[in-house]
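Heavy atoms only: backbone and side chains are in, while hydrogens, waters and symmetry mates are out.
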2 protein chains.
Amino acid sequence: MGADGDLYESLRLELRRGSLTLGVLARLREERYGYTLRQALAADGLEMEESTLYPLLRRLETQGLLVSEWREEEKRRKRFYKLSADGEAMLLRLLDEWRRISRSLEKIIED
Amino acid sequence: MGADGDLYESLRLELRRGSLTLGVLARLREERYGYTLRQALAADGLEMEESTLYPLLRRLETQGLLVSEWREEEKRRKRFYKLSADGEAMLLRLLDEWRRISRSLEKIIED
DNA sequence: CTACATACTGTGTGTCACACACTGTATGGC
DNA sequence: GCCATACAGTGTGTGACACACAGTATGTAG
């Protein structure tokens, strides 16, 4: 694929960046642990590496948007994440902004 | 507004990042210079600082997606930018990806 | 003829997030 | 005992955006 493909890849990543956070927040309205969260997002078409997801989860928790808890399930310790109250409010604001951007881009594209 | 507002701002910026590039490329299917490009994007709802736009334009030109040319118009030297052939191809690919992400997010949101 | 607005194009630096490569533990099947 | 896979991370590099700043040219108010 070469240089052109690389350029596309980097622009594509750039385009996806913010959407990952939004997808994670939205999917964590239901409690989930990392592994199944990643699978759920992949099923929706938002694939990401574990090494992208876990730092993101920790960051969001540090920022107070998520709460997490270690629990034992099926003989394994798993860390369950869920949206906090602040997280819900933030999700709503970000969804608004997402829709605004979406509309702007649609307008530009159609011209 | 304080810390919460700052957090929202940074997430919002993150969300907008890739879209700026896409908007610029799409708007440059017609030749424009920096100042009017910025105004056109602002009218569409995609506002950005000059100090964001100009580095972006240079980057895109370095990557071969834009071509630019200095011309005199109304007694001022202006730098006109336009999408290159490579840029058009890239724009199409990125629009595809944008639509894919958009669909993924819609799916997640609706659940 | 000076002062200021505004059209117009840039540069330098800091911050922050993602991807990539890597590490590590536990369980179950063979 | 061995390997796949479920599961959770860490460390580092790269690169983009925002912010603050710099600079030129033109028109216009006083």
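Using a 4.5 Å cut-off between side-chain heavy atoms of Ile, Leu, Val, Met, Phe, Trp and Tyr, with links allowed through other members, A:Leu53 and A:Leu65 fall into the same hydrophobic cluster.
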For a quick check, with a 4.0 angstrom heavy-atom cut-off, what is the B/S/- contact string for nucleotides 23-29 of chain D, read 5' to 3'?
--BS---
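Contact check on A:Arg77 versus A:Glu72 returns no salt bridge, with no Lys/Arg side-chain nitrogen under 4.0 Å from an Asp/Glu carboxylate oxygen. Using a cutoff of 4.0 Å between basic side-chain nitrogens and carboxylate oxygens, A:Arg12 and A:Glu9 are scored as salt-bridged. A:Arg71 and A:Glu73 are not joined by a salt bridge, as no carboxylate oxygen comes within less than 4.0 angstrom of a charged side-chain nitrogen. We find that A:Arg38 and A:Glu50 are joined by a salt bridge, their nearest charged nitrogen and carboxylate oxygen being less than 4.0 Å apart.
Of the candidates C:dT11, C:dA7, D:dA8, the closest approach to any side-chain atom of B:Pro55 belongs to C:dT11. The side chain of A:Glu49 has C:dC20 as its nearest neighbour among C:dC20, D:dG9, D:dA6. In this structure, the nucleotide among D:dT5, C:dT11, D:dT10 sitting nearest to the side chain of A:Ser51 is D:dT10. Distances were taken from every side-chain heavy atom of A:Tyr33 (C-beta onward) to each of C:dC8, D:dC7, C:dC20; the shortest belongs to D:dC7. Nearest to the side chain of A:Gln63, among C:dA17, C:dG10, D:dC7, sits C:dA17. In this structure, the nucleotide among D:dC7, C:dA19, D:dA18 sitting nearest to the side chain of B:Leu13 is D:dA18.
Between the CG atom of B:Leu56 and the P atom of C:dT11 there is a distance of 14 Å, given to the nearest Å. Counting to the nearest Å, the P atom of C:dC8 and the CE atom of B:Met48 are 17 Å from each other. As a whole-Å value, the separation of A:Gln39 CD from D:dA6 P is 7 Å. Between B:Leu11 atom CG and D:dA18 atom P the separation is 14 Å, expressed in whole Å. Taking atom CD of A:Glu69 as the reference point, atom P of D:dA8 lies 13 Å away to the nearest angstrom. In this structure, CZ of B:Arg32 is placed 16 Å from C1' of C:dC8, rounded to the nearest angstrom. Taking atom CZ on A:Arg77 and atom C1' on C:dT27, their separation rounds to 15 Å, with Å as the unit. Between A:Glu73 atom CD and C:dT27 atom P there is a gap of 14 Å when expressed in whole angstrom units.
Positionally, the nearest nucleotide of DNA chain D for A:Thr52 lies more toward the 5' end than for the other of A:Thr52 and B:Glu47.
Under the side-chain contact (heavy atoms from CB on, under 4.5 Å) rule, A:Leu37 has a single partner from A:Met48, A:Arg32, A:Glu31, which is A:Arg32. Of the residues listed (A:Leu41, A:Leu22, A:Val24), the one engaging B:Ile108 in a side-chain contact (heavy atoms from CB on, under 4.5 Å) is A:Leu41, and it is the only one.
Listed by residue number, B:Arg16, B:Arg17, B:Thr21 are the residues of residues 14-23 of chain B with a heavy-atom contact under 4.0 Å to DNA chain D.
Relative orientation of the A:Trp98 and B:Trp98 rings is tilted, given thresholds of 30° and 60° on the angle between their planes.
Between B:Arg38 and the phosphate of C:dT9, there is no side-chain N or O to OP1/OP2 separation shorter than 4.0 Å.
Counting all heavy atoms, side chain and backbone alike, B:Ser104 lies closest to A:Leu46 at CB-CG, 4.2 Å.
The side-chain tip of A:Arg79 does not point at the ring of A:Tyr33 from less than 6.0 angstrom away and within 45° of straight on.
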